[in-house]
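Here the structure comes first, spelled out in structure tokens, and everything after it is commentary.
All values reported here derive from a predicted model rather than from experimental measurement. Every chain is numbered from 1 and lettered A, B, ... according to where its sequence line falls, protein lines coming before strand lines.
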Amino acid sequence: MKRYLPFILYGILCFVVIAGARSGLIDTYQQLIIMFIGINIILCSSLNLINGYMGEFSCGHAGFMAVGAYVTSILNVWLFTSSQIFGEPVLSPVAAVFLFPVTLIVGGIAAALAGLLVAIPSVRTRGDYLAIITLAVNYIVKSSIENIQVIGGARGFMGMGKVVDSMTGVLNLPWVMIWIFAFTAFCIWVLNHFVNSTYGKGIIAIRDDEIAAEIMSVDTNRMKIVAFTLSSGMAGVAGGLFAHVLGYINPGSFTIMKSTEIMVMVYLGGMGSLSGSVLSAVSFTLLMEILRPLQVYKWVLIPLLLIILMLFRPEGIMGNRELTDVFPKLRRFFPSKEL
Amino acid sequence: MAILELKNINHYFGGLHAVSDFSLKVEEGELIGLIGPNGAGKTTIFNLVSGFYKPTEGEIGFCGKSISGLKPHEVTGLGIARTFQNIRLWNSMTVLENLCISQHYRLGYGFVDSVLQTRRYVDKEKEVIKSAREFLEILDLKECENEYPKNLPYGLQRRLEIGRALTIRPRLLLLDEPAAGMTAGDIEQLIKLVKWIREKFKLTILLIEHQMKVVMGLCEKICVLDFGEIIAEGIPSEIKKNPRVIKAYLGEEVTVNA
Amino acid sequence: MPGTAFHYHKLFLNDGLITSGAYKLTLEMFFQNFLNALQWGSFYALIALGYTLVYGVLLLINFAHGDIFMVGAYIGFFIASFFLGSYAFHLPFALSGNVIFVFTVIITMVLTAGVGVTIERVAYRPLRKKGAGRLYVVITALMCGLVLENGNLALLGASRKSFPDLIEKSIYTIGGVTFTNIKILVIVTTILVFLFLEAIVRKTKIGMAMRAISYDRVAVLLMGIPLDIVIVFTFILGSSLAALAGILFVTAYPVLEPYMGAMVGWKAFIAAVVGGIGEIRGAFVGGFILGFIEIYVAAVFPSTLRDLIAFAILLLLLSLKPTGIFGIARAQKI
């Protein structure tokens, strides 16, 4: 029973929020923030796998996010809406309710494949060179989208609002939010199991000492590819959700700046700490909203705060520990499978 | 049949001829010492055997199969484990986790199993942890199970590293200066430990060491290297007297005429 | 984030000197673009030198460097305006544009070096003393860059400033190839800077100390080399070169805006890596390679494809030689 307690608690939380959104107790703006928190949790924890657990330096996460966002959006607009680009819907718009998670996963797979393309040539390189490769890939993705005029080029792509409308038309629920909740939980669940298995700890061994890992029977190349593919796939899912929250995307949403933002969240939370990533995604998103009235000064203040934080606590909020390490009592609620 | 056979190995680092025409046959169950002055190419040979370097020329055979060109983790999977000159443990993970990860090659489950925590995952994981605990017991490290390696005393870290190599279940163990930086008491223990694991696991061992006490106390056969070449081979008592070895270690004798 | 205004680099494509779009690639055009590429590559090379110097010594990717370039350009703008009497102060005697230019360059280099050293002192050094991981320092560098960019935006507003014409532009035409004195100035300065740096690093004591540090930081301390002084010197060199690049850049393309450093900085960093980061020759050659790729791609293809093709070529170069052109793979010791 206790094993399922976190899931039950999370389910109740989701239910309350959704009910609140449905009844209007939580207004649209607050809903938006809640949805961004979810998306940021996915982005942050998935990048943490590479930058934190594996100790590599990937700085093009937004590029993979863009791949997922565009693939999911195009699929949905093509399948479920009548648009200028694709004409009449291929499937009944009603089907969107059921197929929305499928298209999200397809977007995730597309991003994972893009990640695989990057990972295979870069397994030999480490640290700084991976930084360049991912940086360049981020530019290449953005620039490619800008040059494909069919999907709007630099002007952007829209029509996802109609998809959401047709879903609410079937049953009046905040569908995008529901799926954000679901995928956030799913990603954390997958990552948590992965990094706590002996198999997944192979990537932590890479961070600690790659040579020892390779010589002590860890297939480092394979582990790197697995981690990179997983991480970029999750970024793709987050991108698909992001696109449907906004209803409109353009290449400008997926710049190096976006990647930087995600990196900042990872470091803020602590490298190699999933609970740190969740905490920092929540607090960072809220901080951004609280500081919104400052306008441009926000972007002076936030980096300054981070620099100061680095000086006093360079390992981030959680370091590489988990909440359960800091408060052992929490373990009661998060017991690992009996071994 | 020789368990390990190196045939005419040559290895270059740029212009440096690090290992030159090196041949060595290690029979099952032997304990061979590899000694020589610093920079003689001893560790390079270990790196060649464990697959970290690919020999420029020559052939390495393990149990009759060629292993040159295999990746290090593949070589390890075949049953060759090693320790490092300067300890290389995974310091952000506990002692127990260190001993689990080194069993990566025989995990037998993959990403999907680890995420879904399938039956196979649970079984294998249990097995791996059980065997890691056994090794902790054997090495008298049981109390340190949840300790981080960097917090252990130096001697224990060395022992843990040997333990980590043992979890590979090797047939051939390469020990790279296991006594480096140890106190006299530690060294006594180490000699006992190596003798004991050799008996217990029926290991063939190749040992690099500078401490003559360890080499003379353990090895049946010694191979002396200088500038990447074997200059002498034989039983310890012969090696001690060999003029070429004395020359390599102490330099040329100079006769002073009064 | 507000940093989506990376349109700056598109500006220069329309200044008439660089012809973009499809047209016949004649020999004249080839040489014309050759000169343009040399100039454009010069900017990258000068900035890449700063990345490489700091990396060579600290193994730190100083992501704030692109913004130091921007700060340099702005400081230059204010110094030049000051000398031209745009503020309440008037010089008692009139100076010619060229003299003002020289003064502007010198003062700007000094001031910008101060900015670079301040960042090192305030943000990087405490982290280094604490032994924080390299990646944390890189994040701090990114944050410093954001502070500079957005601090500038907050203080001076989003409106662009235009750099005064200090040097009278003269245009020469030889065999159908047009070039300006400014272009020559940029290219020659870059080559001189390169020779100067090579001399410093190879011949002077402090230069040798810089090279030694990248190999073994602990041993260097034990040999009695003052680590902090060498690091400060490195930042002085890197930042003043970025300032020089900034002034030359706005002399050639006289528009200033807060985000002008971001894009150019990232690209110059990639150029430094392609050349082999940590190597002065590498930064120089990498910068020019990037310049040539960009100019010729823009000459043959639609300019929107420029980044795409440029980055694809750079990736290809890197996958062919992962350590960069002049970089040497350091053997890992085990």
Problem - Side-chain donor-acceptor contact under 3.5 Å, B/E30 with B/T204 - result: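 The answer is no; no qualifying pair exists.
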Practice task
Check whether the side chains of A/R207 and B/S92 place a donor and an acceptor atom closer than 3.5 Å, and report yes or no.
Solution key: yes
Problem - Residues in residues 197-205 of chain A that sit under 4.5 Å from chain B, counting heavy atoms only - result: A/S197, A/T198, A/Y199, A/K201, A/G202, A/I204, A/A205
Practice task
Would you mind checking if B/K202 and B/E28 are paired as a salt bridge, meaning a charged N to carboxylate O distance below 4.0 Å?
Solution key: no
Handout entry: B/E145 bridged to B/R133 by N-O distance under 4.0 Å
Key = yes
Practice task
Side chain from CB out, backbone as N, CA, C, O: work out which of these in B/I101 comes under 4.5 Å of a heavy atom of chain A, or both, or neither.
Solution key: both
Practice task
Please look at B/E74 and chain A and tell me whether the side chain, the backbone, both or neither of the residue comes under 4.5 angstrom of a heavy atom of that chain.
Solution key: neither
Practice task
Using a cut-off of under 4.5 Å on heavy-atom pairs, state which of B/G77, B/S114, B/A165 scores highest against chain A.
Solution key: B/S114
Practice task
Name the member of B/G51, B/P72, B/G110 that forms the most heavy-atom pairs with chain A at distances under 4.5 Å.
Solution key: B/P72
Handout entry: cation_pi(B/R164, B/W90) dist<6.0 Å, angle<=45
Key =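 Here B/R164 passes the 6.0 Å and 45° test against B/W90.
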Problem - Region of A/L230 that comes under 4.5 Å of a non-hydrogen atom in chain B - result: side chain
Exercise for the section: Go through the atoms of A/V226 and report whether side chain, backbone, both or neither lie under 4.5 Å from a heavy atom of chain B. Expected result: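 Looking at A/V226, just its side chain touches chain B.
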Fill in the blank from the handout: Contacts satisfying salt bridge (Lys or Arg N to Asp or Glu O under 4.0 Å) that involve residues 107-117 of chain B (not counting sequence neighbours) are B/D113-B/R120
Practice task
Kindly state whether the ring of B/Y12 and the ring of B/Y53 have centres lying under 6.0 angstrom apart.
Solution key: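 Between B/Y53 and B/Y12, which both carry aromatic rings, the centre distance is not below 6.0 Å.
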Exercise for the section: On the 0 to 90° scale, with breaks at 30° and 60°, tag the A/W179-A/F183 ring pair as parallel, tilted or perpendicular. Expected result: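 A/W179 and A/F183: tilted rings.
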Handout entry: Parallel, tilted or perpendicular, as decided by the 30° and 60° cut-offs, for the rings of A/F7 and A/Y4
Key = tilted
Exercise for the section: Output the option from A/D219, A/V190, A/T220, A/N221 having the highest count of non-hydrogen pairs under 4.5 Å with chain B. Expected result: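 Going by pairs under 4.5 Å, I would pick A/D219.
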